[in-house]
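When a ligand or atom number is given, it counts from 1 through the structure's own listing order.
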Amino acid sequence: MPDASQTPETAGEAVLSDTPLVVAIDGPSGSGKSSTARGVAVRLGLANLDTGAMYRAAAWLAMHEGLDLADGPAVARLVREADLDLELDPAHQSVTVNGHDVTQAIREPEVSAAVSAVSTNLDVRADLIARQRRIISEARSGIVAEGRDITTVVAPEAPVRVLLVADAAARIARRHAELGGDVDAAAVHDQVVRRDRDDSTVAAFHDAAPGVTVLDSTDLNLEQVVDAICALVPPAFDPAVAR
Ligand SMILES: Nc1ncnc2c1ncn2[C@@H]1O[C@H](COP(=O)(O)OP(=O)(O)OP(=O)(O)O)[C@@H](O)[C@H]1O
Ligand SMILES: Nc1ccn([C@H]2C[C@H](O)[C@@H](COP(=O)(O)O)O2)c(=O)n1
């Protein structure tokens with residue numbers, strides 16, 4: 001006979017959570033955050049928020065408007081007034097700022113080289129972090145959010161928090177392969193190493209905060225990384241396990 005005083009949880013079963021699942025992924029450049037977040041979102045049927053795309057769109061807009069990125073107050077004012085829209089479906093991601101579809105443009109080398117000047121602007125950060133928290137809280141079916149400060153600042157209460165790392169050599173090689181064999185090695189190094197150095201002045205993504213799982217993807221393929229993160233989802237968020 002089951003003990004009637006036991007809740008499903010104390011009896012070893014999980015009750016399905018009534019709050020949506022949030023998966024938070026941080027890590028340095030090229031560790032695989034965007035690819036992994038997309039894969040986890042597709043696998044689990046969640047939305048996907050690429051917070052780096054928001055900083056890139058902010059940088060694109062400031063450059064498009066001809067601002068000096070070193071003029072912090074002017075850049076922050078422009079971003080604060082900007083209409084920024086992200087498609088959160090992992091299969092159809094797009095980014096629009098002030099009506100411009102910048103989905104492709106924000107991946108151009110000029111934006112990659114300049115974005116840290118905007119992402120280290122503390123007023124821009126405060127604005128975009130508030131927008132990111134709103135997007136996450138409104139994602140009724142759950143969401144995978146990735147960036148540099150998601151596990152620590154944007155969503156420190158997320159049930160799944162991962163710091164995705166990989167050796168610098170692997171990260172540089174991945175970025176090199178992504179950009180094409182004939183790309184300048186110095187430019188790839190700049191995109192990975194210099195950008196991380198600048199970005200780490202405002203976000204802590206080299207060391208895991210308490211409770212954050214470190215996952216080293218150096219010797220794992222993408223599917224293995226997605227598997228490892230999905231295995232961290234508590235049973236209460238898995239309809240196949242919880243009731
Ligand atoms: N586990 C993996 N094994 C091999 N290649 C990978 C792995 N994960 C990602 N990649 C590849 O590495 C490149 C960088 O991945 P991705 O853009 O997801 O990294 P990221 O951490 O989001 O980088 P950034 O923060 O600079 O945008 C991509 O070409 C991607 O396909
Ligand atoms: N939460 C975040 C997300 C991104 N950034 C910075 C880091 C990069 O310089 C830039 C673009 O990110 P990427 O698309 O390369 O992941 O934005 C950040 O500071 N905080």
Side-chain angles (χ1 to χ4, degrees), residues 24-41 48-60 62 69 79 86 90 93 95 102-103 105-122 124-133 135-136 144-156 158 162-181 183 187-206 215-229:
I25 305 174
D26 286 329
S29 179
S31 57
K33 300 176 300 296
S34 307
S35 329
T36 302
R38 216 175 301 122
V40 171
N48 178 201
L49 174 62
D50 174 353
T51 61
M54 299 175 75
Y55 289 99
R56 285 172 178 270
W60 180 91
L69 300 189
V79 175
L86 280 90
Q93 289 183 307
V95 185
V102 294
T103 310
I106 60 172
R107 306 294 165 191
E108 293 296 329
E110 305 78 53
V111 175
S112 297
V115 62
S116 292
V118 173
S119 62
T120 52
N121 178 322
L122 296 182
V124 170
R125 290 197 81 76
D127 177 8
L128 294 190
I129 287 168
R131 295 187 196 223
Q132 291 156 14
R133 287 180 173 149
I135 291 169
I136 291 170
V144 185
E146 56 92 1
R148 304 292 190 286
D149 56 354
I150 313 303
T151 62
T152 51
V153 175
V154 176
V162 175
L163 181 67
L164 186 59
V165 299
D167 289 353
R171 294 188 287 113
I172 290 169
R174 288 174 186 175
R175 189 62 82 206
H176 212 134
E178 183 181 15
L179 295 173
V183 77
V188 178
H189 192 270
D190 179 78
Q191 275 207 33
V192 175
V193 178
R194 192 271 310 159
R195 210 148 56 95
D196 277 352
R197 193 177 56 234
D198 290 354
D199 291 328
S200 63
T201 62
V202 292
F205 54 85
H206 286 306
L215 181 56
D216 188 339
S217 74
T218 307
D219 298 317
L220 301 179
N221 65 34
L222 195 51
E223 193 175 355
Q224 290 171 317
V225 181
V226 171
D227 287 345
I229 293 181

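Around the CG atom of Asn221, the shell of radius 6.0 Å holds more than 12 heavy atoms that belong to other residues, nucleotides or ligands.
Under a 4.0 Å N-O distance rule, the pair Arg107/Asp50 qualifies as a salt bridge.
Atoms CD and OG, from Gln224 and Ser217 in turn, are 10.5 Å apart once rounded to the nearest 0.5 Å. For the atom pair CZ of Arg171 and CG of Asp196, the computed distance is 5.0 Å after rounding to the nearest 0.5 Å. Atom CG of residue Asp216 and atom CG of residue Asp167 lie 6.0 Å apart, to the nearest 0.5 angstrom.
Ligand 1 is surrounded by Pro28, Ser29, Gly30, Ser31, Gly32, Lys33, Ser34, Ser35, Arg148, Arg174, Arg175, Glu178, Arg195, Leu220, Asn221, Leu222, Val225, each with at least one heavy atom closer than 4.0 Å. Protein residues with any heavy atom under 4.0 Å from ligand 2: Thr51, Gly52, Tyr55, Arg56, Arg107, Val115, Ser116, Ser119, Arg125, Gly147, Arg148, Asp149, Arg195, Asp199.
With Leu69 as the fixed residue, the side-chain contact (heavy atoms from CB on, under 4.5 Å) test singles out one of Thr120, Val115, Asn121, Val118: Val118. For the side chain to side chain donor-acceptor pair (under 3.5 Å) test with Ser116, the passing option among Asp199, Asp198, Thr201 is Asp199; the others fail.
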Practice task
Please report the C-alpha distance between Leu179 and Gln191 in whole Å, then the side-chain angles of each, then the deciding distance to 0.1 Å, and finally whether the side-chain contact (heavy atoms from CB on, under 4.5 Å) criterion is met.
Solution key: CA-CA 11 Å; Leu179 295 173; Gln191 275 207 33; 3.7 Å; yes
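In terms of heavy atoms, Gly27 sits closest to Arg148 at O-CD, 3.3 Å.
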